[in-house]
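Sequence lines set the chain letters: A, B, ... in the order given, protein chains first and strands last, and positions in each chain run from 1. Please read these numbers as outputs of a predicted model, since none were measured by experiment.
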2 protein chains.
Amino acid sequence: METIEQGDAFDPDCPTRLVLDRIGDRWTVLILLTLRDGPRRFTELRRKVNGVTPKVLTQTLRAMERDGLVTREVFAEVPPRVEYTLTALGMSLQTPIQAITDWAEANVGKVMAAREESLRA
Amino acid sequence: METIEQGDAFDPDCPTRLVLDRIGDRWTVLILLTLRDGPRRFTELRRKVNGVTPKVLTQTLRAMERDGLVTREVFAEVPPRVEYTLTALGMSLQTPIQAITDWAEANVGKVMAAREESLRA
DNA sequence: CTGTATCCGCTGCGATACTG
DNA sequence: CAGTATCGCAGCGGATACAG
């Protein structure tokens, strides 16, 4: 167990890459944000997460479940009800995710400005 | 201009999505981390960022340049030298990025454990 | 050294339809 | 309501070769 210099993210098998790949996909972060305030049902997620298809939503949720970020609870009712809830691990991801989204909202103006600029160059 | 509830990231045209898409790609974050400690040359990046091809490295750097995250400086020398440097904007992205990578290194064990667990279920 | 040019495979994501 | 089943494609990223 040696100290890591500044990030072993450069190894394809490293932890950072693992997480990066997960938040890199189109929907995980959005679902994380939606689940922050409490459990949500499948259809609630589908509505809130604008435009995701059921197939992809299921895929993403299953992946998150496998990684221990959410739990899936099925209620034996008619009509069926399924609730997705953030685990403690999923909760703990909120903080760094929030840091990113905060940065985004604070700096998107500069990014757009830089983009405009490069167009006129 | 109204206050936004918890995140407008759900709009495909929103700022958060913009940034999410950018850090979602395979190399941007790695380059950001590599550039943290100072300017780097093309080949240095290529070596440090394990296994990226020149085409993709150029693509990524160009995109980062357009978005105002890095500057590209060409030195009229033989052999040619090109240095990439983080802008203030790029620098400011370090903090949230770091939050993510820190989380990753701290929690990758739990994620892996959850994965193992789901395999045996 | 710092790229560009071409080709191509993979897979993430979407559209649509159907089921317990 | 909460998914599954198929089909399809567009685009990212990789391999390889070449150029200024």
Side-chain angles (χ1 to χ4, degrees), chain A residues 9-13 16-32 34-35 39-67 69-85 118, chain B residues 9-13 17-32 34-35 39-67 70-85 118:
Chain A
F10 304 93
D11 177 359
D13 302 325
T16 310
R17 280 294 284 278
L18 208 75
V19 176
L20 254 29
D21 287 348
R22 184 129 306 300
I23 72 166
D25 80 65
R26 203 160 199 68
W27 305 111
T28 299
V29 172
L30 265 18
I31 294 174
L32 243 15
T34 304
L35 254 29
R40 291 288 181 268
R41 308 178 56 167
F42 189 84
T43 304
E44 287 182 296
L45 286 169
R46 208 181 154 183
R47 271 189 300 104
K48 183 69 178 170
V49 178
N50 179 28
V52 64
T53 61
K55 189 193 73 172
V56 174
L57 181 55
T58 300
Q59 278 179 0
T60 308
L61 285 168
R62 293 287 195 276
M64 294 172 73
E65 199 187 356
R66 273 200 309 277
D67 287 352
L69 299 177
V70 302
T71 55
R72 175 174 178 273
E73 187 174 10
V74 182
F75 296 87
E77 301 174 0
V78 176
R81 180 164 57 107
V82 177
E83 280 189 354
Y84 293 90
T85 310
S118 72
Chain B
F10 304 94
D11 176 359
D13 302 324
R17 281 293 284 280
L18 207 76
V19 176
L20 254 29
D21 288 348
R22 184 130 304 299
I23 71 165
D25 80 65
R26 204 159 197 70
W27 305 111
T28 298
V29 172
L30 265 20
I31 293 174
L32 242 16
T34 305
L35 252 29
R40 291 286 181 268
R41 307 179 56 165
F42 189 84
T43 305
E44 286 182 298
L45 286 170
R46 208 180 155 186
R47 270 189 300 104
K48 182 71 177 171
V49 178
N50 179 27
V52 64
T53 61
K55 188 195 73 169
V56 174
L57 181 56
T58 299
Q59 277 179 2
T60 308
L61 286 168
R62 292 289 195 272
M64 295 173 72
E65 199 187 356
R66 274 199 308 278
D67 287 353
V70 302
T71 55
R72 175 174 179 273
E73 188 174 9
V74 183
F75 297 85
E77 302 174 357
V78 176
R81 179 164 59 108
V82 177
E83 279 189 356
Y84 293 91
T85 311
S118 72

>> Check whether Trp27(B) forms a cation-pi arrangement with Arg17(A) (NZ or CZ under 6.0 Å from the six-membered ring centre, at most 45° off the ring normal).
In response: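 Yes, cation above the ring, under 6.0 Å and within 45°.
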Tell me whether the side-chain N/O atoms of [X] come closer than 4.0 Å to OP1 or OP2 in [N].
X: Arg62(B); N: dT4(C); answer: yes
X: Tyr84(A); N: dG3(D); answer: yes
X: Arg72(A); N: dA2(D); answer: no
X: Arg40(B); N: dC1(C); answer: no

> If you pin Thr53(B) and Leu61(A) to their nearest nucleotides in DNA chain D, which one's is more 5'?
Replying inline: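 Its nearest nucleotide being more 5', the pick is Leu61(A).
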> When we call it a touch if two heavy atoms are under 4.0 Å apart, what does Arg41(B) touch: a base, just sugar-phosphate, or nothing?
Replying inline: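 Sugar-phosphate: the residue Arg41(B), judged by heavy atoms under 4.0 Å, touches backbone atoms but no base.
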Picking from [options], which would you name as closest to the side chain of [X]?
X: Val82(A); options: dG3(C), dC13(C), dG3(D); value: dG3(D)
X: Lys55(A); options: dG13(D), dC13(C), dT4(C); value: dC13(C)
X: Arg81(B); options: dT2(C), dG13(D), dC13(C); value: dT2(C)
X: Trp27(A); options: dG14(D), dC13(C), dG3(D); value: dC13(C)

>> Looking at every non-hydrogen atom in both residues, tell me the closest pair between Val52(B) and Arg46(B) and how far apart they are.
In response: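 So the two residues come closest at O-CG, 3.8 Å.
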> Say you draw a straight line from CG of Leu32(A) to CE of Met64(A); how long is it, rounded to the nearest 0.5 Å?
Replying inline: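 Answer rounded to 0.5 Å: 4.5 Å.
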>> If I take atom CZ from residue Arg62(A) and atom CG from residue Asp67(A), how far apart are they, to the nearest 0.5 angstrom?
In response: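 Going from the CZ atom of Arg62(A) to the CG atom of Asp67(A) covers 14.0 Å.
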Distance, rounded to the nearest Å, where [X] contributes [atom1] and [N] contributes [atom2]:
X: Arg22(A); N: dG12(C); atom1: CZ; atom2: C1'; value: 12 Å
X: Leu57(A); N: dA15(C); atom1: CG; atom2: C1'; value: 16 Å
X: Arg17(A); N: dG13(D); atom1: CZ; atom2: P; value: 10 Å
X: Gln59(B); N: dG13(D); atom1: CD; atom2: P; value: 8 Å
X: Arg46(B); N: dT4(C); atom1: CZ; atom2: C1'; value: 12 Å
X: Arg26(A); N: dA15(C); atom1: CZ; atom2: P; value: 11 Å
X: Phe75(A); N: dC1(D); atom1: CZ; atom2: C1'; value: 14 Å
X: Asp25(A); N: dG11(D); atom1: CG; atom2: P; value: 19 Å

> With Leu57(B), which of Leu45(B), Thr43(B), Val49(B) fulfils side-chain contact (heavy atoms from CB on, under 4.5 Å)?
Replying inline: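 Of all the options given, the one that passes is Leu45(B).
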>> Need to verify one output field. Residue with the more 5' nearest nucleotide on DNA chain C, Val56(A) or Pro80(A)?
In response: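 That would be Val56(A).
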